[in-house]
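Here is the structure we will look at.
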Amino acid sequence: CHCNHSFGSGCDKMTNRTVLLDEEKVFKDPVHRYIHVRDQLIWKLIGTKEFQRLRRIRQLGTTYLTFHGAEHSRFSHSLGVYEIVRRIIDVFAGRPHWDSRERLVALAAALLHDVGHGPFSHTFEKVFHIDHEDWTRKIILGQTEINHVLRTAAGDDFPKKVADVIAKTYEDKLVVSLISSQIDADRMDYLLRDAYYTGVSYGHFDIERIWRVMRPLDDQVVIKESGMHAVEDYIMSRYQMYWQVYFHPVTRSAEVILGKILQRAKDLYRKGYSFRERPTRMLPLMHGKISLEDYLKLDESVILYYFQTWQEEDDVVLRDLCGRFMNRHLLKYVEFTPNTQMEDYFQLKEWFRTAGIDPDYYLVVDSSSDL
Ligand code: CA
């Protein structure tokens with residue numbers, strides 16, 4: 001048993017009982033002011049290399065090319081989600097319907113819910129057919145520091161519980177709804193955090209009011225009627241952030257280029273092109289067979305290193321696309337209505353060909369939606 005016995009609590013390995021730190025740790029955070037860590041388990045999870053990796057993955061992918069402040073990482077978002085769940089649980093403590101034995105699993109799941117994200121997730125997932133939720137599960141259940149910390153602190157079945165909460169299959173649906181529902185800790189943190197870092201003036205809502213009026217009821221979280229206006233604000237904030245930030249056409253243009261770089265690199269690799277800078281770390285992705293170990297070696301600094309060096313490749317398309325991404329020479333966008341403009345589209349495609357510009361890489365129809 002690796003439990004820490006210095007607190008006089010005996011072995012907590014099988015009981016999920018909280019082992020506290022000697023002294024509370026705090027992280028300064030621009031959104032929640034302070035993030036408080038009292039549980040040894042949480043502190044140790046933050047220290048794992050898989051969690052530290054999230055420092056090198058931006059929360060908003062290519063959005064920094066539109067809103068230059070949007071450099072915040074999945075690390076800071078994950079801490080934020082943890083903090084919101086921690087504060088909601090404080091409100092729940094002692095109330096009927098809330099099982100205090102679920103506290104630690106809820107906190108761990110909140111902290112780890114995004115741990116499977118890779119660099120520029122959305123685009124990578126599309127091009128390489130990967131699923132970050134799968135990877136989250138693999139990281140929690142596989143041979144990782146995170147898995148080791150979870151097992152040693154709370155027992156061998158604990159990693160699976162945490163993974164189940166994130167996968168929404170956990171038996172206690174109340175715990176699940178803290179992390180994924182229409183008004184959950186994940187969304188509340190990213191809306192406020194993304195609004196803060198992009199610098200937009202909309203997107204704010206009174207989160208403190210919301211978590212104060214949240215109540216556990218049977219298997220879900222409900223909200224007192226007196227909190228209705230704060231919830232309305234939250235919904236408007238979501239709406240605004242989607243249209244003003246998440247679906248921003250310039251960000252999407254950068255995403256399109258990113259996708260085309262990956263597609264080009266993949267095509268070239270398949271054709272046996274000899275790279276000046278061989279993308280060693282990306283090869284498992286290109287083969288479609290990537291191990292947990294290889295996956296964890298990928299982050300945005302690795303990917304941007306390739307893009308930087310590929311500006312000197314012999315292949316004209318790869319070189320050009322990388323230059324565009326690195327130096328923000330993005331492609332122009334126009335509104336396009338397929339129902340009435342298909343003819344125009346084919347005409348444009350033809351002109352591209354005549355001009356010697358490969359429409360497969362330079363003419364893209366992109367649409368965005370969210371339920
Ligand atoms: Ca998230």
Side-chain angles (χ1 to χ4, degrees), residues 52-74 117-130 248-291 293-333 348-349 351-366:
Q52 291 289 319
R53 166 181 166 275
L54 298 178
R55 289 182 186 273
R56 301 184 298 276
I57 295 172
R58 289 184 184 86
Q59 174 69 11
L60 287 182
T62 60
T63 302
Y64 70 97
L65 291 165
T66 312
F67 298 92
H68 64 257
E71 294 277 354
H72 56 304
S73 66
R74 294 205 181 267
H117 270 288
F120 303 112
S121 283
H122 295 298
T123 316
F124 268 72
E125 293 192 357
K126 257 189 248 160
V127 177
F128 295 113
H129 312 293
I130 46 179
H248 198 290
V250 174
T251 307
R252 279 156 59 195
S253 171
E255 248 166 53
V256 161
I257 293 178
L258 177 65
K260 290 298 171 187
I261 294 174
L262 300 176
Q263 184 192 324
R264 185 64 173 179
K266 199 168 147 184
D267 290 352
L268 289 172
Y269 177 74
R270 284 197 179 144
K271 284 182 200 149
Y273 169 84
S274 96
F275 287 86
R276 283 169 186 255
E277 184 66 50
R278 202 172 139 83
T280 321
R281 299 254 157 152
M282 286 169 70
L283 296 184
L285 278 177
M286 294 187 186
H287 292 139
K289 263 191 192 170
I290 181 160
S291 68
E293 205 187 342
D294 288 332
Y295 187 78
L296 289 167
K297 284 179 185 167
L298 293 170
D299 58 39
E300 287 173 7
S301 39
V302 171
I303 300 307
L304 288 174
Y305 167 77
Y306 288 124
F307 292 2
Q308 175 76 307
T309 52
W310 285 347
Q311 291 179 84
E312 288 146 49
E313 282 293 334
D314 296 327
D315 180 71
V316 182
V317 173
L318 185 61
R319 195 170 70 204
D320 176 68
L321 291 173
C322 287
R324 285 177 177 280
F325 191 82
M326 297 307 287
N327 306 309
R328 200 192 178 279
H329 294 154
L330 305 178
L331 301 177
K332 295 285 177 225
Y333 67 92
L348 195 59
K349 207 166 178 174
W351 285 338
F352 268 55
R353 283 208 189 90
T354 323
I357 303 167
D358 189 343
D360 283 348
Y361 290 100
Y362 289 92
L363 185 63
V364 176
V365 177
D366 178 55

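Because only heavy atoms are used, hydrogens play no part in the values below, and waters and symmetry mates are left out as well, while side chains stay in.
- In this structure, Tyr273 and Phe275 have perpendicular ring planes: the angle between them is above 60°, well past the 30° mark.
- Between Phe325 and Leu304, some side-chain heavy-atom pair lies under the 4.5 Å cut-off.
- In this structure, Asp314 and Arg276 have side chains that are in contact, with non-hydrogen atoms separated by less than 4.5 Å.
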Between Leu65 and Val250, does a side chain to side chain contact (heavy atoms under 4.5 Å, CB included) hold up when you go through it step by step? CA-CA 8 Å; Leu65 291 165; Val250 174; 5.7 Å; no
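- Here Cys322 contributes atom SG and Arg264 contributes atom CZ; the two are 11.0 Å apart, rounded to the nearest 0.5 Å.
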Lys266 and Val127: CA distance, side-chain angles, deciding distance, side chain to side chain contact (heavy atoms under 4.5 Å, CB included) verdict: CA-CA 9 Å; Lys266 199 168 147 184; Val127 177; 4.3 Å; yes
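- Proximity of Tyr333 to Arg252: side-chain heavy atoms (C-beta onward) are nowhere separated by under 4.5 Å.
- Under the 4.5 Å side-chain criterion, counting only non-hydrogen atoms from C-beta, Tyr361 is not in contact with Ile257.
- Separating the CD1 atom in Ile303 from the CG atom in Leu298 is a distance of 5.5 Å, to the nearest 0.5 Å.
- Contact check on Glu71 versus Arg58 returns a salt bridge, with a Lys/Arg side-chain nitrogen under 4.0 Å from an Asp/Glu carboxylate oxygen.
- Atom CG of residue Leu268 and atom CD of residue Glu313 lie 8.0 Å apart, to the nearest 0.5 angstrom.
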Return a table of donor-acceptor pairs under 3.5 angstrom between the side chains of residues 280-290 and protein atoms on other chains or two or more places apart.
{"residue": "Thr280", "atom": "OG1", "partner": "Arg278", "partner atom": "O", "Å": "3.2"}
{"residue": "His287", "atom": "ND1", "partner": "Leu283", "partner atom": "O", "Å": "3.3"}
{"residue": "His287", "atom": "NE2", "partner": "Tyr269", "partner atom": "OH", "Å": "2.8"}

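- Aromatic ring centroids of Tyr305 and Phe307 lie 6.0 Å or more apart.
- Looking at Thr251 and Thr62, their side chains never bring a donor and an acceptor atom within 3.5 Å of each other.
- Between the Lys260 side chain and the Asp360 main chain, a donor and an acceptor come within less than 3.5 Å of each other.
- For Arg324 and Asp320, the salt-bridge test passes: some basic side-chain N is under 4.0 Å from an acidic carboxylate O.
- Rounding to the nearest 0.5 angstrom, the gap separating the CD1 atom in Ile130 from the OG atom in Ser121 is 7.5 Å.
- Asp299 and Arg53 are not joined by a salt bridge, as no carboxylate oxygen comes within less than 4.0 angstrom of a charged side-chain nitrogen.
- Side-chain atoms of Tyr64 never come within 3.5 Å of backbone atoms of His72 as a donor-acceptor pair (strictly under, hydrogens ignored).
- The backbone N or O of His329 sits nowhere less than 3.5 Å from a side-chain atom of Asn327 that would complete a donor-acceptor pair.
- By the side chain to side chain contact (heavy atoms under 4.5 Å, CB included) test, Pro359 is found to be paired with Lys349, Phe352, Arg353, Leu363, residues two or more places apart in sequence or in another chain being considered.
- Within a 6.0 Å sphere centred on CD of Glu293, other residues, nucleotides and ligands contribute 12 heavy atoms or fewer.
- Atom OG1 of residue Thr123 and atom CD of residue Gln263 lie 12.0 Å apart, to the nearest 0.5 angstrom.
- Between the Trp310 side chain and the Leu318 main chain, no donor and acceptor come within less than 3.5 Å of each other.
- A donor-acceptor pair under 3.5 Å is formed between the side chain of Gln311 and the backbone N or O of Gln308.
- Annotation: side chain of Arg319 is not in contact with side chain of Val317 (no heavy-atom distance under 4.5 Å).
- Rounded to the nearest 0.5 Å, atoms CG (Leu60) and NE2 (His122) are 8.5 Å apart.
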